[in-house]
Amino acid sequence: MDINLPQDFSGNNSNPQFHSTTTQTQVTQKPVDKAERISTVDMIRGVALCGILLMNIPGFGIHWSAFDRMIRGPQNTADFYTMEVISVFFEGTMRGLFSMLFGAGMLLFTMNKKETLGGPSVAELYYRRLLLLVAFGVFNAYILLWQGDILFFYGLCGMLLYPFRKTAAKWLFALGILWICFNMIKGQINYNETRDKRAAYNEAVQAKKEGKPLTDEQKSAKAEWLQRENWRPDSMEVQRDISKVRGSYATVFNYYLPRNSGGEIWGTYHWAFWDCVAMMLIGMAFFRWGYFSNKPRTSTYIMGLLVGYGIGIPIGYIMFSKGMIEGTLHQGLYVDAYTVNHQTLYDVKRFFLCLGHASLIMLVFRSNLLNWLMKGLANVGQMAFTNYLMQSIICTLIFHGYGLGFYNKLQFHQLYYVVGGVWIFQLITSSIWLKYYRFGPFEWLWRSMTYWKKQPMRLK
């Protein structure tokens with residue numbers, strides 16, 4: 001079911017002039033007015049934006065070697081249980097949900113625009129908007145010094161969506177699933193290469209047991225696998241990393257510079273192109289079906305919840321216990337035992353969990369039990385761009401040396417106290433800000449630069 005009219009927070013049509021037959025000379029390109037917004041889309045985006053910090057906070061606040069320590073250490077600690085919950089329920093799914101809403105937002109952007117005589121075309125505005133997003137991503141990575149920036153990749157990947165703006169929902173969904181299948185095949189190919197290396201190692205071990213002299217290739221294969229299986233984080237290197245992140249702004253900048261540049265180049269092809277585009281296309285399909293705008297029956301959302309969580313949670317737990325824990329602790333035995341890597345199911349897990357999360361949010365919204373929270377999350381979602389960059393500003397100032405310098409000083413589970421504090425702050429500030437202003441400050445800047453015209457900021 002296609003969406004033709006925007007809706008207010010109750011799900012009723014709020015802008016009867018949206019489809020008026022205005023001639024080209026009478027139309028002025030402008031951002032989406034507050035009355036034209038679909039508040040449930042903002043609400044789900046707000047949840048996804050808050051959830052993204054669940055996944056980003058370790059990158060802000062603790063060295064990556066902590067994960068190896070938690071996996072190999074006691075498995076009855078608060079840190080381990082926290083890691084388990086985050087991995088099973090939220091890993092990849094909040095970004096996946098955010099990507100789906102990004103695709104929906106790009107579709108909504110083109111729906112609200114008409115061609116104008118003598119003005120910029122819809123395509124020009126669309127690509128100008130995304131090029132600016134790439135620039136903001138560079139700003140987030142190299143000025144705010146957040147090594148896990150997503151805006152750069154969203155800007156690039158979003159450019160692929162425009163030709164599909166009029167595609168039927170069923171084909172958008174099919175393309176998204178096909179994209180996921182390609183990514184799964186790509187992951188399995190990489191795992192097959194690992195299995196080939198393990199097979200070469202096993203061959204060398206067997207030859208040695210039989211008293212046969214090892215060839216140079218067998219010696220190399222054996223040494224390579226042992227190095228891989230016995231690898232551990234170097235303690236001196238870990239300490240050097242920690243001291244640099246606790247250093248001055250210049251020290252942190254120089255430390256992250258090669259990581260950001262290398263990560264953006266590597267990540268564009270090996271990760272973002274597959275990860276983001278698939279969920280964006282699926283999000284466009286869900287938007288056309290009205291799933292994000294309160295159109296389906298309650299029974300549909302209940303079914304989405306049961307199917308999403310019923311499939312996604314078990315897969316998530318299996319991936320954690322087998323793929324992550326067993327695959328790390330007993331890498332050789334894991335590769336010998338499993339022809340298919342459990343991580344190949346990553347996109348399957350997150351699709352179903354995203355479906356479950358979105359369905360749960362809509363069911364809570366329809367229950368009218370937490371209206372104050374739903375409205376607060378919608379405000380966070382309406383200011384998602386500002387709040388995302390604000391998370392970078394807040395967390396880098398808490399953890400980097402030019403701020404409070406708490407990097408690697410908190411235990412893993414304690415990082416989520418910080419997350420809770422940031423959530424409360426953004427719920428309050430977003431609600432207060434939108435009482436007086438049309439957009440968040442970064443949304444205002446983004447829109448003004450997109451339309452090459454200063455946008456009105458204050459609400460009348």
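Side chains are part of it too, since the values below use all heavy atoms of this structure and drop only hydrogens, waters and symmetry mates.
- Checked by atom type and distance alone, the side chain of S448 pairs as donor or acceptor with a backbone atom of Q455 at under 3.5 Å.
- Within the structure, side-chain hydrogen bond (donor to acceptor under 3.5 Å, both in side chains) contacts touching residues 352-364 (residues at least two apart or in different chains) are T93-H357, Y291-S359, Y309-H357.
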_Before you tell me yes or no, could you show the steps for M319 and Q343 under side-chain contact (heavy atoms from CB on, under 4.5 Å), namely the whole-Å CA-CA distance, both residues' side-chain angles and the distance that decides it to 0.1 Å?_
CA-CA 6 Å; M319 286 178 59; Q343 296 302 320; 3.4 Å; yes
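- Taking every heavy atom of both residues into account, S430 and Q426 meet most closely at OG-O, 2.7 Å.
- For S293 (side chain) and K295 (main-chain N/O), no donor-acceptor pair under 3.5 Å exists by modelled atom type.
- Using a 30° and 60° split on the angle between ring planes, F412 and Y416 fall in the perpendicular class, above 60°.
- Residues N408 and H63 have side chains that never bring a donor and an acceptor to within less than 3.5 angstrom of each other.
- Remark: R72 engages D68, R232, T328, L329 in a side chain to side chain contact (heavy atoms under 4.5 Å, CB included) (not counting sequence neighbours).
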*Kindly determine whether K244 and D241 satisfy salt bridge (charged side-chain N to carboxylate O under 4.0 Å, His left out), including the steps that lead there.*
CA-CA 5 Å; K244 289 179 180 179; D241 291 345; 5.5 Å; no
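- Inter-residue side-chain proximity for R45 and V41 is flagged as met; some heavy-atom pair is nearer than 4.5 Å.
- One N or O on the side chain of W433 and one on the backbone of F439 form a donor-acceptor pair closer than 3.5 Å.
- Using modelled atom types and a 3.5 Å distance limit, the side chains of S431 and N379 yield a donor-acceptor pair.
- The aromatic rings of W289 and F173 lie tilted to each other, with the angle between the two planes from 30° to 60°.
- Checked against side chain to side chain contact (heavy atoms under 4.5 Å, CB included), I52 has the following partners two or more places apart in sequence or in another chain: N56, M94, F98, Y388.
- Listed here is the closest heavy atom pair of L172 and T167: CD1-O, 3.5 Å.
- Although no hydrogens or angles enter the test, the distance criterion places a donor-acceptor pair under 3.5 Å between the side chain of K186 and the main chain of H270.
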*So Q411 and Q414, side-chain contact (heavy atoms from CB on, under 4.5 Å) or not? Walk me through it.*
CA-CA 5 Å; Q411 297 181 45; Q414 292 174 332; 3.6 Å; yes
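- Contacts of F442 classified as ring pair (Phe, Tyr, Trp, His ring centres under 6.0 Å), with partners at least two apart in sequence or in another chain: none.
- Just one of W266, F136, F102, W271 meets the ring pair (Phe, Tyr, Trp, His ring centres under 6.0 Å) condition when paired with F153; it is W271.
- The backbone N or O of C50 sits less than 3.5 Å from a side-chain atom of W423, completing a donor-acceptor pair.
- You'll find the side chain of R350 reaches within 4.5 Å of the side chain of D275, heavy atoms only.
- For T396 (side chain) and I393 (main-chain N/O), a donor-acceptor pair under 3.5 Å exists by modelled atom type.
- A side-chain N or O of N192 and one of Q188 form a donor-acceptor pair less than 3.5 Å apart.
- M284 is not listed as a side-chain neighbour of F287, based on a closest heavy-atom distance of 4.5 Å or more.
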*How far apart are the C-alpha atoms of R246 and T251, what are their side-chain angles, what is the distance that settles it, and do they pass the side chain to side chain donor-acceptor pair (under 3.5 Å) test?*
CA-CA 9 Å; R246 292 178 184 173; T251 301; over 6 Å; no
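- Residues F365 and I44 fail the side-chain proximity criterion, which asks for heavy atoms closer than 4.5 Å.
- Cation-pi contact between R259 and Y255: present, with separation from the ring centre below 6.0 Å and deviation from the ring axis of at most 45°.
- K409 places a side-chain N or O within donor-acceptor distance of the main-chain N or O of G405, the cut-off being under 3.5 Å.
- Considering every non-hydrogen atom in both R438 and Q382, the closest pair reads O-NE2, 3.4 Å.
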*Determine, step by step, whether F385 and L49 satisfy the side-chain contact (heavy atoms from CB on, under 4.5 Å) criterion, reporting the C-alpha distance in whole Å, the side-chain angles of both residues, the deciding distance to 0.1 Å, and the verdict.*
CA-CA 9 Å; F385 187 42; L49 188 280; over 6 Å; no
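- Not a single donor-acceptor pair under 3.5 Å links the side chain of N183 to the backbone N or O of W179.
- At a threshold of 4.5 Å between non-hydrogen side-chain atoms, the residues T344 and Y191 do not count as touching.
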*asked:* Between W446 and L133, does the side-chain contact (heavy atoms from CB on, under 4.5 Å) criterion hold? Intermediate values first, please.
replied: CA-CA 8 Å; W446 191 17; L133 191 62; 3.9 Å; yes
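- For an aromatic pair to be called close, the ring centres must be under 6.0 Å apart, and F399 with Y407 fails this.
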*Y126 and S121: CA distance, side-chain angles, deciding distance, side chain to side chain donor-acceptor pair (under 3.5 Å) verdict*: CA-CA 9 Å; Y126 181 89; S121 66; over 6 Å; no
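- Looking only at distances, no side-chain donor or acceptor of R165 sits under 3.5 Å from a matching main-chain atom of L107.
- Pairs engaging residues 77-87 under the side-chain hydrogen bond (donor to acceptor under 3.5 Å, both in side chains) rule: D79-H413 [sequence neighbours left out].
- Listed by first and then second residue, the side-chain hydrogen bond (donor to acceptor under 3.5 Å, both in side chains) pairs involving residues 129-150 are N140-D149, N140-S392, Y142-E264 (not counting sequence neighbours).
- Ring planes of H400 and Y256: tilted class, angle from 30 to 60°.
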